[in-house]
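Below is one structure, written out as C-alpha cells, with a few remarks after it.
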Amino acid sequence: MDASRLPGFLLRRLLKSALVIVAIAICNFLLIHAAPGDPASVIAGQSGSADPQFMEQLRHQFGLDRPLHVQLGIYLRDVLTLDLGFSHRQQMPVATLILDRLPATLLLTGAAFLLAVSGGVALGALAARRAGTWADSAITALALTFYATPLFWVGLMLVLLFSVQLEWLPSFGMSDPGLDLHGPALWWDVAQHLVLPALTLGLFYLAVYARLTRATMLEVADQDFVKTARAKGVPEGRILRAHILRNALLPVITFAGIQAGQLIGGSILVETVFAWPGIGRLAFDALLARDYAVLLGVFFCTSVMVIVLNLATDLLYAVVDPRVEVTG
Amino acid sequence: MELTRRNLLGATLGATAAAPVLMSAGAALAQGVTPRRGGMLTTILNPEPPVLQIGVNNQTPTLIAGTKITQGLLQFTPKLEPLPQLAKSWTVSPDGLEYVFKLEENVTWHDGKPFTADDVVFSVMQFNREVAPRLRGVLAGIAEATTPDPHTARFVLKQPFEPFLLCFDATAMPIVAKHLFEGQNFRTAPAVQHPVGTGPFRFVEWQRGNFVRMERYEGYWKPGKPYLDGILWRIVPDGQSRRLAIESGQVVMTTATDIEPFDIPALRAKPNLAVTTAGWEYFSPLFWYDLNQRVGPLADKRVRQAMSMALDRNFIVQRLWFGLGRPATGPIASTTRFYDATAKLPPFDVAKAKKLLDEAGHKPGAGGMRFALKHLIPPYGEIWNRMSEYFRQAMRQIGIDVTLESTDAGTWASRVANWDYETTANVLYQFGDPTLGVERSYVTSNIQKITFTNTAGYSNPRVDELFQAGRTAATAAERQKAFSEVQHLLVEEVPLLWVVEVAYPTVTDKKLRNVIQTGTGVHASFDDVFLAS
Amino acid sequence: MSAFLRRFARNRGAVVGAVLLVLVIGMALFAPLLFPGSPWDMAGAPFQPPGEDGMLLGTDSLGRDVAAGIAYGAQVSLIVGAVSTAVALLIGVALGAVAGYLGGWADDAIMRFTEFFQTIPSFVLAILLVAIFTPSIASIIVAIAVVSWPPVTRVVRAEFLSLRNREFVQAAEVLGKRPLAIVLTDILPNALSPIIVLASLMTATAILLESSLSFLGLGDPNMMSWGFLIGSGRSVIRLAWWMSVFPGLAIFLTVLALNLVGEGLSDALNPRLRKRGAAH
C-alpha cells in the first residue's frame, strides 16, 4: 500500500466511526426509553414501600420529569465530553462503574479470543492439511460438537467436572478476596479462576475458527496461484505458510472483527454462570433493574470497542493482503 | 418417600433451633464453648445492593450487611419483645404518649466522634422521616422530640400508638450520624458511599461485582467485642455457585434467598452444616397471589373463594418450598402479633371450587374453560417461576385459563404500581404488627398507584374501620379484638390468595456460633458471633 | 435433482444429519399423539429419575414429564428456528441484493446500516429487544431475526457483486430486461447455494439463541421449549441431572443435524468443492 495514503484513510475511517458512534448513542437512548418501567418505580418497589412524594423526589433527581429530547440532548452532550452519567441506583458515576468492571471483561474475552484464534487456526490448518484422514474427521467432529452445544451448558458441565467432581479449579469469582493475595500469588489465583470461564467462552469460537480456517484453506489450496507455485516446485511447507495460510487468514481476520461484539455478548452468559465481575454481568443487572444510565454507558462503551477493533482489523487486513485496496 | 422423611427431619431441626434462640455468648460459655476471638466471616451478598446505608436503601441484602455497621435503639426477640441495643433502657408513660430512651454512654461513631441523643433525634425526626416512606405516617404522629441530657432521648406522641417501639429496630429506624448527614441530600451524602455507624464492624472496601469487606471496629462500645476480625461479603449472582460456595467451605454462611429451596435438603444432610429457618419472626414474610379486584370476575367474592380452594397449600410448601415455611392460614402470619388461629381459610377442595364458580355464573365453555386470566410473573428467581406455573395449572383444573406473562423487575414494579395486571404474586414483610405491615394491603385509604400499597384495589368499609380501631386502640387487648374480627372477615372475603408463610433458611458452617439470636436473625449486629476453632 | 441427491448422499455426515432432523421433526409433529394432554400437567411425583413411575426421562420439580416436555419443546424450538431464519433471510436477501446490484450510494447506505447493526453486540441487542417487547414467542422470533440478518446481507451482496458483472447478466441488461427481473430470475438463482447453506446454519444458531435467552429467564413462559427446560433444570442440575441433560442433548443433536445437513448441502451445491472432495 502507498504509505502516503494511510493518514487520509485513517481520517476517513475515524470520521465515519464517529458518526456511527453518535448514531448508536441516539439509537440506544431511544430504544431504552421505549421500554416500559422507569427507574424511580424500580427503586420504590425494591425499597419496600413508597409514596408519591418519594416518587416525585426520585423522578426529579433522575431528570425523568424533563422532556425526552432534553434528556437526549443532555446525554449526547455528556457523551461527547466522555461523561457517561450517574447511576442513581448505585450512587456512582457510570464511567467509574464501567471502568471498574472493564478489566475483568477484557481479561476474560481477551483470553477466550486468544484461545479461540490460536486453537482454532491451528486445528483448522491441521485438519485442512490432513483433509480426509482420521485427524481431519476427529477435528471436524470436535469442532461440530463445540459449535452445536449451548455455551452456558458447556460452562455448567465444566463446573460439574472440574469444580464439583475433581475439585481442581474454583467455580466462581475472579479471585479469592479472603486470601488477601498480592503480586504473583494474586495473578496465579486469577489465572486459576480464569481457566473455566475462558474455556467456556472460547470453545464455541474455537470451533467457529477451526471450521472457517479449514474451509478457506481448502478453497485457497485449489486456486490457480497455489497450483502455479506447486508447479514451480516451491516446497509444500512454504506454500502452506506463504500462500495458503496467509490467504486463508483473511476471512478469519474479518470474522474476528465482527466477532468482537459477539464475544462481549457471550460474556454475559459466561459472567452469569461464573460470577465473573465484568461489564456483561453489569449490563444484565442494569437491564433487570432498569438502570438506564448504566445500560447506555455499557452499550456505548462496547460499541466503541467494536468500532476500534474493526478499524484495527481493517489495518491488519491491509498488512496481510497487499492486494486489498484501502478505501473508505 | 425419602423426600418426606427429610422434610420431617427438617421441620424438627427448625423447631429445635428456634427454641434456644436467646442463647447469648454467656449461654455458649455455659455449654463449654469459649468464644474465640479472631477469624474472618466469609459469606454471600445477593443480589448486590446499590448502597450499604440502611434507610437510603432497604433491600434485604442492604439490611443484612448494613446492620453490621449501622445500629438501632432496640432489637427484638422471636416473640417480638424489645431488647436493648443503643438504648440500654426505656420507659413508656401509662397513657402511652411519652417514650423515654436511656442511651449507652461510651458509644462512638466509626470516625471517632461521640454518639449522643442528638444523633437519635436527628435520625428519627429528619433522616428517617425523609428516607423511610413506610414510617412517614408514624413519625408525623410525634408531637415533640427532645434531649433532656446527652444520653436521653424523649418522644411525645399526639395520640397513643401501641406498636411504636417495634419501629426502633435497626432495619426500620437506623440511627445515623448527625454530623455526617445534616444539611446534605441524604441520598447522595458522602456517608452513603462510605457508611459510618456505631456497629461492631466498619466499612473498608467494596469492589463492585466482587466483594464488600468490613473489619472489626476497635472502638466498639461493648468491651472485648466483636469476636470476629471482619466480615467478607462475596457477590455471587448464580444460585448454583452459591450452593457450591457453602458446600465447599468457600463461605461459612448463607442468608435469605441465597440458597434455593430445592438445594436445602441436600445441605441439611451435610454433617458440617447447620440449617435453620428461625430469625425471620420480626419480618414474617407472607407469600400471596395478588388478585386485581378491578378485573371482572375477580370482584366476585365467590370466584376468589373458589380460586383459594383450588390451591393445595401443603403440596406447595412440601414440593415447591421443600418444607421451608408453613401453609398460610390468613392475612396475618402466625409469627406476627395478634395472629388469630381460629380464623381459617376453607380447605383445598377442587369439586367445591368448581361448584362455587358455577354458582357465580361462570359455566365451562369450549375446552372446559370458564374464563381467562393473565398472571404476571414476578422476576425474582426460580421459585417465583415455579409458583406461577403451579398457579396456572391449579387454576386450569377448575376451568380458569391462566396465561403467564414474564417481565423484568422494572416493568413488574411499574405495572403493579399502575394497577396494570390481572393477577401476580408478592411477598410482603409484616414488621411484627398488623398496623405496621398488614393494614397497608387492605385499607381503602391506601389504594395508591405505588407498589406495596393496596394495588389490588380491595375496599370494604368494615375492614377499614377494624384496621383503624386496631391502629388507635391504646391497649393490646383492644387491638386483639379488632384484629381478630378483621382476620375472620378477611378469610371469608379472600381479597388476596395467601399461600405460604415463608421461612428463609440460614445455612451456616457449624464452626460459626451465635448467628441467630433474635427475631431479626441475620439482621443482628453480629458482635456475639464467633468462629470456633 | 437426483444428481444432487446422489452428491448429498455421498457425504455420510449429511445423511446422518438428515435422518436426525427427520426424527426431530417427526417428534414435533407427533408430540400430541405420543404424549396426550399438556406438557405442563403435573403427571407424577416431582424429581423422579428416568425410568421410574413410568416416566421415560424422569419428572421435573413439579412432577411434569420431561419426555413430554422435550417432544413439545421440539415444536417450539423448530418454529422459533425456522420462522426467525425466514424473517432474517427476507431482510438480509432484500438488502444484500439491492446493495450488491445497485452499488454506489445505495450499497454504501445499506452497508453502513448493516455495519451499524453489527457494531452493537448482537446477543446484548437480542436481550434488550426481548425485554422491551416482554418475553413471548413473537418477541423472541423478532429479536433473533433482527440480530441474524447482517451476515445474510454481506453474503448476498458479495455474491451479487461478483455475479452482476458476469456476461449473462450484462447480456440480460443489454437486452433491456428490468432490474427486478434480472435480480430475481438471473442473479438470485445463481446466488442461492450459499443462502441455503447459510439458512441451515442460521436455524441452528437461532435454536441456540433461544435457549440462551431462556437460560437468562427471557423465554416465553407459556411455551415448553428446550431452552425453558434447561433454564428450569439447570439450578437443580445436581439434584435432577436428567432435567437439563436430556433437553441439552436434544438441542445438541438438532443443532448438529442442521450443521451436518448444511455442510452436505454446501458440498452438494458447490461443484468446485465437490471436485476437490472427490480428489481426496
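Order of the sequence lines sets the chain letters (A, B, ...), proteins ahead of strands, with each chain counted from 1. Here the structure is a predicted model, which is why all the values come from computation and not from measurement.
For the residue pair B:L404 and C:P221, the shortest heavy atom distance occurs at O-CG, 3.5 Å. Considering all non-hydrogen atoms of both residues, B:S406 and C:G219 come closest at OG-O, 3.5 Å.
Qualifying salt bridge (Lys or Arg N to Asp or Glu O under 4.0 Å) partners for B:E247, counting only residues two or more places apart in sequence or in other chains: B:R243, B:K270, C:R238.
Residues of residues 23-42 of chain C that come closer than 4.5 Å to chain B, counting heavy atoms only, are C:W40, C:D41, C:M42, ordered by residue number. Contact residues of residues 387-401 of chain B toward chain C are B:E389, B:Y390, B:R392, B:Q393 (heavy-atom distance under 4.5 Å). Against chain B, no residue from residues 74-96 of chain C qualifies, as none has a non-hydrogen atom under 4.5 angstrom away.
Both the backbone and the side chain of C:S232 have a heavy atom closer than 4.5 Å to some heavy atom of chain B. Neither the backbone nor the side chain of B:N385 has a heavy atom closer than 4.5 Å to any heavy atom of chain C.
From B:R319, atom CZ reaches atom CG of C:L62 across 10.0 Å, with rounding to the nearest 0.5 Å.
Between the side chain of C:N222 and the main chain of B:T403, no donor-acceptor pair closer than 3.5 Å is present.
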